[in-house]
Amino acid sequence: MNKIKGWFSEEENRTGIFIVISGIALILSFLNVRSSSIPVDLAWIAIVLCGFPIIKEAFLGLVYELDIKADVLVAMALIASVFIGEIFAAGEVAFIMTIGALLEDRTVRKAREGIEKLIAITPRTARVIRDGIETVVPSEQVKAGDTLRVLAGETVAVDGIITSGQTSINQSVMTGESLPVDKGIGDDVSSGTINQFGTFEMKATRVGEDSSLQRMIRLVEQADANKAPIVTLTDRWATWIVVIALTSAIITWLVTGEIIRAVTILVVFCPCALVLATPTAIMAGIGNATRFGILIRTGDALERLSGIKRIAFDKTGTITHGKPEVVAVRSFSQNITEDELLKIAASSEQYSEHPLGRAVLNHAKNKTELPVPQNFVLLPGRGVSATVDNKHVIAGNRELFEEKAVSISSEILKSTQDYVNDGCTIIYIGVENEAAGFIALSDTLRADARNMVERIHSLGVNTLLLTGDNSHAANHMAKLTGIHDVKSQQLPEDKMNAIISCQKRNEYVCMVGDGVNDAPALKTAYVGVAMGGIGSDIAVEAADVALVSDDIQRIPYLLKLSKKTMKTIKLNVAFSMGLNFIAVILAITGILNPVVGALVHNAGSVAVILNSAVLLKLKDI
């Protein structure tokens, strides 16, 4: 039942039931089934269940909004058919049009659960220290200037400045950075970020609606409201269809004096095939994409994708794996080999929960057995110290070595510079109060990222890298992938503004991201694509498309599928319009009556559906 609710809304489920009942009634009507208990034509069931809603919507739209859509012509055809006694024709038209409307509603329905999930991560409480007493209060009661205490594992409730303590902050929710950031006295912290180690105190600076997380929530809401809906081809041409149909029907009636010909014109001019042209093709395209691990969450995403001029990528978790890995181990001690240095460092990190420490540990586990460390001490925001094989070991950043009065040679510092320029994080290793070497860690590039970018460029689409990481890491990854345009140190609002800037130049952007911080950009972009496997639920909810398997090689195929879908839609439209005009000519000459006319133009609807179904067989190339 939950799966059904996820696919169709309650209103769509009700409409589906009406369609099933109406279809059965039309079959019985066509077979001329009658009984003493059912004295009327059963096609009336289809008129009541499917036709009345169409007539109601057409009337309300025409009277209150002066909106002339295809429903107006359908309503006139229904009423005219009933007026001259062609009940089956009226029911048949209502039935087909309702099917088209149901598919159309399904393909354009927007999913907006992302904002609720974003709100759900907002901290509910905060530890406020007043007059030396710690009190847990609702986060909305925190005032600017208050002193807050944040324990390990807790989420920062408001924006502020650290006044005491040292820690590492996971701020991926705001910046998308793959690694925790070490923080100390005087450093800024943002609401929604997570304190990973130790306890610190902070002074609140921006609270309530002014906090970083609340501002990001507003950005998502604003971006969602500003995204213009796609207008279907049927509605674009509806006014002309109505005018031409009415004019043809009235002239035919005046010239021939036969009202049945005029009604037949209205019936055959009903844009059933035209209504089905877009949603059937899009639904087939969505079905095809599902086979390749692509979940298209909003129906018009395929239509919008066909007009994309640039694809913007988040870095962490999108073109990279999103987890730190050891890329180099360098020893500068004559008595310690690189393998031994890795063993010593990994042993000292065995009790650490820091992502960098775990990455070193995982890298070494497959190579050697590790001795159990003694006297382990976690130094938040700095590193660790321990005794390994009776040797005192420290592993951490330069600040740790300064605190322990252990000097790092210029040779070591010079050797780390190339790795730093490539966006790596460095862990320095000290043994017995001497700097012995370092380990470089980096968020590694996906193996297929460069090939994916090359395929996108071959389709005439430009690329852009948007990341919260520093310029060294951003430029290094862009160079590896072949992405030419790079914007680094991007906050959520910066990413959104970069996309807005492109789209103001009529350069429609597809944003590909995976984190909470990408949600505003995903909403703002003409099309948003989220990494569905490792990505944040909030990012997925904010996006139009989700890559369930996190296979970025599917992105070029997605672009090809969108263009093929649009070609199919245009062919469907051309065929349906051509068939309608031929049927109108036959109706004017009296060759078609309302019932046969309805069958002919509904045969066109079947042809449109079959043509759209070809998309289901499209293969990835």
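When reading the values below, keep in mind they use all heavy atoms of this one structure, side chains included, and skip hydrogens, waters and symmetry mates.
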For E402, all residues meeting salt bridge (charged side-chain N to carboxylate O under 4.0 Å, His left out), sequence neighbours excluded: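 Scan of E402 (salt bridge (charged side-chain N to carboxylate O under 4.0 Å, His left out), adjacent residues dropped) gives none.
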Heavy-atom closest pair, residues [X] and [Y]:
X: A204; Y: V207; result: CB-CG1, 4.0 Å
X: S348; Y: A345; result: OG-O, 2.7 Å
X: V142; Y: A126; result: CG2-CB, 3.7 Å
X: A346; Y: L361; result: O-CD1, 3.5 Å
X: I319; Y: L465; result: CD1-CD1, 3.7 Å
X: A312; Y: L466; result: CB-CD1, 3.9 Å

If we only count heavy atoms from C-beta on, is the [X] to [Y] side-chain gap below 4.5 Å?
X: I308; Y: V461; answer: yes
X: Q196; Y: I169; answer: no
X: I394; Y: V384; answer: no
X: T444; Y: H321; answer: yes
X: Q166; Y: E403; answer: yes
X: S442; Y: M477; answer: yes
X: C510; Y: L305; answer: yes
X: N462; Y: K309; answer: no

When you measure from the side chain of [X] to the backbone N and O of [Y], does any donor-acceptor pair fall under 3.5 Å?
X: N288; Y: A284; value: no
X: D494; Y: L491; value: yes
X: N451; Y: D448; value: no
X: N195; Y: L151; value: yes
X: Q490; Y: S488; value: yes
X: R450; Y: K479; value: yes
X: T163; Y: E201; value: yes
X: D146; Y: K143; value: yes

H363 and E325: CA distance, side-chain angles, deciding distance, side chain to side chain contact (heavy atoms under 4.5 Å, CB included) verdict: CA-CA 8 Å; H363 183 75; E325 294 184 9; over 6 Å; no
Under the salt bridge (Lys or Arg N to Asp or Glu O under 4.0 Å) criterion, do E507 and R310 qualify, and how do the steps go? CA-CA 7 Å; E507 191 176 28; R310 183 182 291 271; 3.2 Å; yes
Is it the case that T463 and H484 place a side-chain donor and acceptor less than 3.5 Å from each other?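 The answer is no; no qualifying pair exists.
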Does the side chain of S191 come under 3.5 Å of the side chain of D159 through a donor N or O and an acceptor N or O?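 Their side chains do contain a donor-acceptor pair, which is all the 3.5 Å distance test asks for.
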I need the full list of salt bridge (Lys or Arg N to Asp or Glu O under 4.0 Å) pairs touching residues 277-288, with sequence neighbours left out, sorted by first then second residue.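 Counting only pairs at least two positions apart or across chains, no salt bridge (Lys or Arg N to Asp or Glu O under 4.0 Å) contact touches residues 277-288.
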Evaluate R358 against E349 for salt bridge (Lys or Arg N to Asp or Glu O under 4.0 Å), listing each step before the verdict. CA-CA 7 Å; R358 305 308 296 177; E349 296 278 9; over 6 Å; no
CA sep, side-chain torsions, deciding dist, call: R149, M202, side chain to side chain contact (heavy atoms under 4.5 Å, CB included): CA-CA 6 Å; R149 179 174 292 148; M202 58 176 281; over 6 Å; no
How would you list, by chain and number, every residue that makes a side-chain hydrogen bond (donor to acceptor under 3.5 Å, both in side chains) with T565, sequence neighbours excluded?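 So T565 forms no side-chain hydrogen bond (donor to acceptor under 3.5 Å, both in side chains) with any residue.
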Please lay out, stage by stage, how D443 and K315 fare under the test salt bridge (Lys or Arg N to Asp or Glu O under 4.0 Å). CA-CA 9 Å; D443 186 8; K315 182 184 78 70; 3.7 Å; yes
Inter-residue atom distance [X].[atom1] - [Y].[atom2], 0.5 Å rounding:
X: I555; Y: L459; atom1: CD1; atom2: CG; value: 12.0 Å
X: S164; Y: F200; atom1: OG; atom2: CZ; value: 9.5 Å
X: Q141; Y: S139; atom1: CD; atom2: OG; value: 9.0 Å
X: T481; Y: R446; atom1: OG1; atom2: CZ; value: 13.0 Å
X: I456; Y: S458; atom1: CD1; atom2: OG; value: 9.0 Å
X: I185; Y: I162; atom1: CD1; atom2: CD1; value: 8.5 Å

Picking from V326, I426, V327, what satisfies side-chain contact (heavy atoms from CB on, under 4.5 Å) with L441?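 One option only clears the test, and that one is V326.
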Can you list the steps and then say if Q489 with S471 is a side chain to side chain contact (heavy atoms under 4.5 Å, CB included)? CA-CA 7 Å; Q489 296 178 317; S471 59; 5.7 Å; no
If we check side-chain hydrogen bond (donor to acceptor under 3.5 Å, both in side chains) with K495, which of these qualifies: D314, T524, T467?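 When side-chain hydrogen bond (donor to acceptor under 3.5 Å, both in side chains) is applied between K495 and each of D314, T524, T467, only D314 qualifies.
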Decide yes or no on salt bridge (Lys or Arg N to Asp or Glu O under 4.0 Å) for R382 and E399, but give the supporting numbers first. CA-CA 6 Å; R382 296 293 185 265; E399 287 78 5; 5.4 Å; no
Y428 and F401 aromatic ring geometry - parallel, tilted or perpendicular at 30°/60° bounds: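 Rings of F401 and Y428: perpendicular, over 60°.
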Applying side chain to side chain contact (heavy atoms under 4.5 Å, CB included), run through I439 and L342 and close with a yes or a no. CA-CA 8 Å; I439 296 176; L342 175 63; 4.1 Å; yes
